[in-house]
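This report refers to the structure that appears directly beneath it.
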Number of protein chains: 2
Amino acid sequence: MSQPLYQVVYDEIIKRIVDGRYPPGNMLPSEFDLGAELGVSQGTARKALTELEKRKIVERRQGRGTFVTLRTPENSMFHFFRLRSPEGEQVVPEPGTEKVVRRQSNKNERGALFGNPRSVFEISRTRNFRGEPLSQEVSVVPTDLFPGLPDRAPLPNTLYVLFQQAYSCVIIWAEDSLRAGVMGKELAEDLGVDASKPVLVAERKSYDLQGRVVELRTSTFITDNVSYSVRMD
Amino acid sequence: MSQPLYQVVYDEIIKRIVDGRYPPGNMLPSEFDLGAELGVSQGTARKALTELEKRKIVERRQGRGTFVTLRTPENSMFHFFRLRSPEGEQVVPEPGTEKVVRRQSNKNERGALFGNPRSVFEISRTRNFRGEPLSQEVSVVPTDLFPGLPDRAPLPNTLYVLFQQAYSCVIIWAEDSLRAGVMGKELAEDLGVDASKPVLVAERKSYDLQGRVVELRTSTFITDNVSYSVRMD
DNA sequence: GAGTGGTCTAGACCACTTT
DNA sequence: AAGTGGTCTAGACCACTCC
């Protein structure tokens, strides 16, 4: 066989999630039913489901069933927002300002984003933590994938929840590139801090279920009271 | 049963690696032999081995066998050194200066490191990339775990290879806490750059096979020509 | 050809959740 | 009690590596 059977089952389930047959939060058929339907044994269906669980595409609970993962503010924060307080706790930032504009993409954005879009939405937001300025985040997404997005302002704290629930676009992984920099004059005014302040700059590419790059994000963090936590294993 | 059988098998294999019965690079018994010896089926032995492979404790290759992972400069770099060039390639730094001293631990180190050591080695090193200063790294390890370490100077580029091969201490995961900062006067002199330069500071805790914190490391990176890459999934 | 890991099956029983 | 995922077994065959 060119492709393992469990891979075929895996792909088929992804397809059904993408096309809406298994909507977010819904229960999938049992291992036996899925196996019977697709003509494989329970063990093979199980292996596909285990793989899907590892990538957090489904959630399984003994005695209950297997469910399509529903992005919530909690799990979205936990997976994609890596700031921790000095005590090691997850930082839950307070929303600050927000601005959404439609504009032409630049060459870099056009090359990186799915569909080489000429038109993008730019979502700029600031956040605070314990009353102090914490960050600015600028997300750039293709307008094609997210029609009417500016009308939804104010946007939720966690964009990826909106992407899944309103646009059936599920971010499953992302890559950050981190550098040190200085705040800069423009941003310093926005956040009300000194322009020479050192900041942590994170450039992110976000990938969805179908492997498409659907968001480019540049985050600027003030790391006086928080740190960006990375686990390597 | 209180503990799954495959977990018992997993723990037993770890034990055998730690006590030297399965030395680094050596081949383990086959799934069948391992199962027979421990009184479980091949499938159960397999599940334990798969778990060990996921955590990179063993490597498996079809037709060859299962081997205790041997830390090499290559895989050590790949797993624990996250700097990438602008083109996205792994950065291979050039060694700079090196200094190893024995000193008393401070309260923080004593509390965090395994065995609450009063005596530690401090390994300070600088690195360059493409001829430019890149980083300073200061590692702190208990003297008890690494006797005679200063005599081994110059140390290899990748400490973790030495830890495994000379001290049977296998680092399997680590956690970095990242912040932005400024270089500072002292370090600026060492590296020959401006003291006000923004830098990326990474504080690391490294854990070995037995779950012990065996190293605290503070790295200071100049991110003019590199970025610290993080994959979230 | 012998030995290894990789895939797949069929069936059993356990642990947990819901009705 | 019924239905789910979790563990475990025994056995088959395939794909790959090495001798």
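Chain letters run A, B, ... following the sequence lines, proteins first and then strands; every chain starts at 1. Hydrogens, waters and symmetry mates are skipped; everything else that's a heavy atom, side chains included, is used.
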Side-chain atoms of residues 136-150 of chain B: list all donor-acceptor pairs with protein atoms under 3.5 Å, sequence neighbours left out, distances to 0.1 Å.
residue : atom : partner : partner atom : Å
B/E137  : OE1  : B/R127  : NH2          : 3.3
B/E137  : OE1  : B/R217  : NH1          : 2.9
B/E137  : OE2  : B/R127  : NE           : 2.7
B/S139  : OG   : B/E215  : OE2          : 2.7
B/S139  : OG   : B/R217  : NE           : 3.3
B/T143  : OG1  : B/S119  : O            : 3.3
B/T143  : OG1  : B/S119  : OG           : 3.1

Discussion item. Show me the pairs that pass salt bridge (Lys or Arg N to Asp or Glu O under 4.0 Å) and involve residues 67-85 of chain B, at least two apart or across chains.
Written reply: none
Worksheet item: Got a sec, which pairs hit salt bridge (Lys or Arg N to Asp or Glu O under 4.0 Å) with one end in residues 22-36 of chain A, sequence neighbours left out?
Response: A/E31-A/R46, A/E31-A/R60
Backbone N/O of [Y] and side chain of [X]: donor-acceptor pair under 3.5 Å:
| X | Y | result |
| --- | --- | --- |
| A/R16 | A/R21 | no |
| A/R204 | A/F80 | yes |
| B/N75 | B/L70 | yes |
| B/E94 | B/R130 | yes |
| A/T69 | A/K56 | yes |

Hey, does the side chain of [X] come within less than 4.0 Å of [N]'s phosphate (OP1/OP2), counting only N and O?
| X | N | value |
| --- | --- | --- |
| A/Y6 | C/dT7 | yes |
| A/T44 | C/dT7 | no |
| B/T66 | C/dG5 | yes |

Discussion item. What residues from residues 46-61 of chain B pass a heavy-atom cutoff of under 4.0 Å to DNA chain C?
Written reply: B/R46, B/R60, B/R61
Item to complete: For DNA chain C, determine which residues of residues 35-42 of chain B have any heavy atom closer than 4.0 angstrom to one of its atoms, and list them numerically.
Response: none
List in chain and number order the residues that pass ring pair (Phe, Tyr, Trp, His ring centres under 6.0 Å) with [X], two or more places apart in sequence or in another chain; answer none if no residue qualifies.
| X | result |
| --- | --- |
| B/F114 | none |
| B/Y6 | none |
| B/F78 | none |

Worksheet item: Who are the salt bridge (charged side-chain N to carboxylate O under 4.0 Å, His left out) partners of A/E122, not counting sequence neighbours?
Response: A/R103
Worksheet item: Quick one: salt bridge (charged side-chain N to carboxylate O under 4.0 Å, His left out) partners of A/E53, sequence neighbours excluded?
Response: none
Check: protein-nucleotides 17-19 of chain D nitrogen or oxygen pairs below 3.5 Å:
residue : atom : partner : partner atom : Å
D/dC18  : OP1  : B/R64   : NH1          : 3.0

Worksheet item: Rounded to whole angstroms, how far apart are CD on A/E31 and C1' on C/dC16?
Response: 14 Å
Worksheet item: Rounded to the nearest Å, what distance is computed from the CE atom of residue A/M27 to the P atom of nucleotide C/dT18?
Response: 11 Å
Practice prompt. Determine to 10° how strongly the helix from C/dG1-D/dC18 to C/dT18-D/dA1 is bent, judged from the axes of its five-pair ends.
Written response: 10°
Discussion item. Heavy atoms only, 4.0 Å cut-off, all strands: where does B/F32 land among base, sugar-phosphate and nothing?
Written reply: nothing
Fill in: Pairwise 5' ranking along DNA chain C for A/Q7 and B/S30, keeping only the more 5' one
B/S30
